2 protein chains.
Amino acid sequence: MNLLNMKQRNLRSENKKNSNLKLISSTIKNLSKKGINELTMHDVSQGAGLSQGIVNFHFKSKELLLIETLKYISNEYLDSFQRSIAKKGNDPRKKIIGIVENDFSKKICTREKIAVWFTFFSEIKYKPAYHQICKERDMYYQSLTENIFDELIKKEKVKLSKKNISRGFQALIMGLWLDQLEDPDTFNRIQAKKICFEFIKSNFPKQFKGMF
Amino acid sequence: MNLLNMKQRNLRSENKKNSNLKLISSTIKNLSKKGINELTMHDVSQGAGLSQGIVNFHFKSKELLLIETLKYISNEYLDSFQRSIAKKGNDPRKKIIGIVENDFSKKICTREKIAVWFTFFSEIKYKPAYHQICKERDMYYQSLTENIFDELIKKEKVKLSKKNISRGFQALIMGLWLDQLEDPDTFNRIQAKKICFEFIKSNFPKQFKGMF
DNA sequence: TTTCTTTGAATGAGCATTCAACCAAATTTC
DNA sequence: GAAATTTGGTTGAATGCTCATTCAAAGAAA
C-alpha cells in the first residue's frame, strides 16, 4: 500500500464520515425544532441534503441514529467540559468557576442543545441505551466535581459531604438548564451563572469572599 | 328543576367525569411505562377498561388528551404543594421545610410521576400549550417561595436576592427530580431532601443552626 | 322519545424500512 | 497507465405496518 493508495482510501472513508456527521447534525437541528415525536427520517435526510433511504444505510435504523446522536452530543459536552478545567492549574476555585462558565457558555447553553438533552433525558426510563449513556456522562462529571469539592472542603476546613455538594451542584445546573427551556425570555444564562456562583459561595464563604 | 332531576343529571355527568378520570389515569400510567413516543390510543382506552374510539369522543384528539393530562398532574401537584404550606403558621422555616418534604414525599416523588413530568418538560419548546401550563405552575411556585425566602432573608439579616435564591431552590429540586430518573438505584428522595436542607442551611445558617 | 355515551370495525394517512438500479471510487489486470 | 472489475455509497419509488380518527349502530339515561 503506497501513499497514493492511502489517500484514495481516505477519500472514501472521509466521505462516509462526512455523511454520518451531516446526518447527525441534521438530526440535532431537527430534534431541536420539532422534538422526537415529529422527527421523521425524511426530515433528517432532507436536512443533510441526502436522499430518503440513506439513514438506514448508515445507521441501520432510526433508533440507532438517535443513539449515535446522543453519543455525539455527549462527547461534545465532555470535550468542552474537560477543556474548561484543563489549564486552570491546581486552584480548585478556578476549576469550579471554569465548569460553571462552560455549562452556561454561549456554545453549550443554547436553547436548541438543551432541548435535545431533555428530549433524551425524558426517555431515559424507557430506553436502556439512553440511560447508560446519560449515566456514564453523569458519573464522570460527578467524580470530577467531587474531587474539586473535596479540595475546597479541606481548604475551607468545613464539614461538608463532597458527594452531596457535588450532586447538589450538578442538580442545580440541570434545573437551571431546564429554566432556559421554560423561561427563555425572562431568564438567561448570565443569571443562571450568578446563581451557581452564589451556591458555591454560600458553601465556601471564606474562599470566595469578595469574588463574583 | 326538582331534586330528582338534579340527581339524575348528576348520575350521567358523574359517569362522564368518571370516564375522563379513568382515561387520564390510564394515560399517566401508560406514559410512565412507555413514554410519549410509544403511547397509543389503544393503550389508553384499554387501560381505562373502555373501547377504542372513546378517547376521541371525550377529548377530541390525542393531543388534547395529553394537554388535559398535563393539567391534571399540574393541579394535583399544586394541591399537594398548597397543603404542604397551609397550617404551618407564620414560621417561614416551617413553610420551606414543608415544601421540601412535599416535593420529595412518597406521593409526589415517584419515578413514574417524575417520568411523566419530564415527558412534558421535554416538549415545552414545541407545544405552546405545554409551555403555558408549565410556566404558570412555575410562576405560582416561584412567587410563593419568593415570599417565604424574603421573610427568611429579613430574619437572617443578610443580603441575598429572593429571586435568585428562589430560582436556585426550584432548579435544585428539578435537578434532583431528574436524578431520580437517572439514578434510582444509588440515589433516593431521602438523600435529595437532605441536599435541599443543606442548600437552605448554607444560605440561612443562623436560622437553621442545629437543625436537620 | 330524545339525548348522551359507548362500542369496535373500517378507513386512510403517515412513516420507517427495503431494495433494485445507478454511479463513483478503488483496485486489479494486462 | 489504460481498461476491466470490484467495492462502496446513494437514490427514490415501492412496500407494508402502525396507528389516530371516524362513524354507524347499539345501549343507557333522562
Side-chain angles (χ1 to χ4, degrees), chain A residues 1-27 30-31 33-69 123 126-127 129, chain B residues 1-27 30-31 33-69 123 126-127 129:
Chain A
M1 191 198 304
N2 59 27
L3 256 179
L4 183 62
N5 271 342
M6 279 197 65
K7 265 186 193 165
Q8 285 171 334
R9 186 162 299 164
N10 283 344
L11 178 56
R12 195 121 93 176
S13 80
E14 283 309 312
N15 280 346
K16 178 164 186 168
K17 266 188 198 168
N18 218 277
S19 288
N20 281 13
L21 195 62
K22 272 188 202 164
L23 289 167
I24 286 178
S25 299
S26 171
T27 305
N30 279 290
L31 263 185
K33 220 183 287 174
K34 334 177 96 193
I36 204 165
N37 243 327
E38 325 253 283
L39 181 81
T40 68
M41 297 295 248
H42 179 254
D43 292 335
V44 173
S45 50
Q46 180 96 339
L50 294 162
S51 73
Q52 179 74 326
I54 201 70
V55 177
N56 290 282
F57 177 77
H58 284 291
F59 295 94
K60 206 78 182 150
S61 74
K62 188 182 182 185
E63 189 49 33
L64 289 172
L65 166 71
L66 286 169
I67 290 170
E68 289 308 311
T69 303
E123 297 266 299
Y126 326 110
K127 304 275 171 69
Chain B
M1 190 200 302
N2 59 27
L3 257 176
L4 183 62
N5 271 342
M6 280 195 64
K7 265 186 193 165
Q8 285 171 332
R9 186 161 298 161
N10 283 346
L11 179 55
R12 194 119 95 177
S13 81
E14 283 310 311
N15 281 345
K16 179 164 186 169
K17 267 188 198 167
N18 218 276
S19 288
N20 282 11
L21 196 62
K22 273 187 200 163
L23 289 167
I24 286 178
S25 300
S26 170
T27 306
N30 279 291
L31 263 186
K33 220 182 286 173
K34 335 177 96 192
I36 205 166
N37 242 327
E38 325 252 285
L39 181 81
T40 67
M41 297 295 248
H42 178 255
D43 293 335
V44 172
S45 49
Q46 180 95 340
L50 294 164
S51 74
Q52 178 76 325
I54 202 69
V55 177
N56 290 283
F57 176 77
H58 284 292
F59 294 94
K60 206 78 182 148
S61 74
K62 188 182 182 185
E63 189 49 34
L64 289 172
L65 166 71
L66 287 169
I67 290 170
E68 289 308 312
T69 302
E123 297 266 299
Y126 326 110
K127 303 277 171 70

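In this text the structure is predicted, and so the values were computed from the model without any measurement. Quick note on labels: first sequence line is chain A, next is B, and so on, each numbered from 1.
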*Asks:* Can you pull every protein N or O that's under 3.5 Å from an N or O on nucleotides 26-28 of chain D?
*Replies:*
none

*Asks:* Is the shortest heavy-atom distance from the side chain of A:V55 to the side chain of A:T27 under 4.5 Å?
*Replies:* no
*Asks:* For B:K17 and C:dT5, what is the distance between atoms NZ and C1' respectively, to the nearest whole Å?
*Replies:*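 Nearest whole value for this atom pair: 17 Å.
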*Asks:* Return no unless some side-chain N or O of A:S19 is found under 4.0 Å from OP1 or OP2 of D:dT10.
*Replies:*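 For D:dT10, OP1/OP2 do have a side-chain N/O of A:S19 under 4.0 Å.
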*Asks:* Once side chain to side chain donor-acceptor pair (under 3.5 Å) is applied, do any residues pair with B:S45, and if so which ones, sequence neighbours excluded?
*Replies:* none
*Asks:* Treating primed atoms plus P, OP1 and OP2 as sugar-phosphate and everything else as base, which nucleotides of nucleotides 14-23 of chain C get B, S or - for protein heavy atoms under 4.0 Å?
*Replies:* -SSBB-----
*Asks:* Rounded to whole Å, please give me the gap between CZ in B:F59 and C1' in D:dA20.
*Replies:*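 The distance from CZ of B:F59 to C1' of D:dA20 comes to 16 Å, rounded to the nearest Å.
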*Asks:* Does the side chain of B:S19 reach to within under 4.5 Å of the side chain of B:L50, using non-hydrogen atoms?
*Replies:* yes
*Asks:* Find the distance B:N15:CG to C:dT3:C1' and express it as a whole number of Å.
*Replies:* 14 Å
*Asks:* Using side-chain heavy atoms (C-beta onward) and a distance below 4.5 Å, is B:T40 in contact with B:Q46?
*Replies:*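 Of all side-chain heavy-atom pairs linking B:Q46 with B:T40, none is under 4.5 Å.
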*Asks:* Taking only residues at least two apart or on different chains, which pairs with a member in residues 36-63 of chain B satisfy salt bridge (Lys or Arg N to Asp or Glu O under 4.0 Å)?
*Replies:*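 Residue pairs with at least one partner in residues 36-63 of chain B: B:K34-B:D43, B:E63-B:K127.
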*Asks:* B:K16 side chain: which of D:dG9, C:dT7, C:dT5 is closest?
*Replies:*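 Out of D:dG9, C:dT7, C:dT5, the nucleotide with an atom closest to B:K16's side chain is C:dT5.
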*Asks:* So, using side chain to side chain donor-acceptor pair (under 3.5 Å) as the criterion, who are the partners of A:N20 when residues are at least two apart?
*Replies:* A:H58
*Asks:* Please identify each residue that fulfils side chain to side chain donor-acceptor pair (under 3.5 Å) with A:T69, with sequence neighbours left out.
*Replies:* none
*Asks:* Without swapping roles, check the side chain of B:Y126 against the backbone of A:L31 for a donor-acceptor pair under 3.5 Å.
*Replies:*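 Indeed, once roles are kept as given, a pair shorter than 3.5 Å links the two residues.
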